[in-house]
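Just so it is clear, the values below take in all heavy atoms, side chains as well, and ignore hydrogens, waters and symmetry mates.
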Amino acid sequence: MIIELILTVVAWRKGWGPIALIPFAVGMVLGVIGAGMANSLVPAVMADFMIYAALITMIVAGRKKAPAAVAAPAPAPAPAIETRTAA
């Protein structure tokens, strides 16, 4: 469990932010449910390996940020229209 927490922190710092918590949360829930249903530790161990795989993949791949949008130049002001009144 300590290794999972360390991997989560490293993935967070690699740019994943709160998304790094998803493998940990999903894996814990699936591990608890699987261990309770099958009355065995095998599903919990499988969930742990899924957490390790997901977090290590996140750390190695890093997060690719979308390129910053290029701002379009501001439109030119509309030309003034002269109005003449009849005198």
Side-chain angles (χ1 to χ4, degrees):
M1 179 122 160
I2 293 173
I3 295 172
E4 294 164 1
L5 290 173
I6 292 170
L7 289 174
T8 302
V9 169
V10 173
W12 185 295
R13 291 183 178 175
K14 282 280 195 169
W16 287 97
I19 296 172
L21 298 173
I22 293 174
F24 185 73
V26 170
M28 284 295 150
V29 170
L30 291 177
V32 169
I33 290 172
M37 287 176 27
N39 201 14
S40 170
L41 289 179
V42 173
V45 172
M46 289 175 56
D48 280 344
F49 282 122
M50 289 187 336
I51 294 170
Y52 294 145
L55 289 172
I56 290 171
T57 302
M58 292 170 81
I59 291 168
V60 170
R63 184 151 187 205
K64 294 180 176 46
K65 304 232 178 191
V70 178
I81 299 174
E82 292 184 29
T83 56
R84 295 185 184 207
T85 57

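Within 6.0 Å of the CE atom in Met28, the count of heavy atoms belonging to other residues, nucleotides or ligands exceeds 12.
With hydrophobic clusters built from ILVMFWY side chains whose heavy atoms lie under 4.5 angstrom apart, Met58 does not share a cluster with Val9.
A distance of 11.5 Å separates OG1 in Thr8 from CD1 in Ile22, rounded to the nearest 0.5 Å. To the nearest 0.5 Å, the span separating CZ on Phe24 from CG on Asp48 amounts to 9.0 Å.
Side-chain contacts under 4.5 Å among hydrophobic residues (ILVMFWY), followed directly or transitively, place Leu21 together with Trp12.
Just one residue in the list Ile6, Ile3, Leu7 forms a side chain to side chain contact (heavy atoms under 4.5 Å, CB included) with Leu55, and that residue is Leu7.
When every heavy atom of Gly27 is checked against every heavy atom of Ala47, the shortest pair comes out as O-CB, 3.4 Å.
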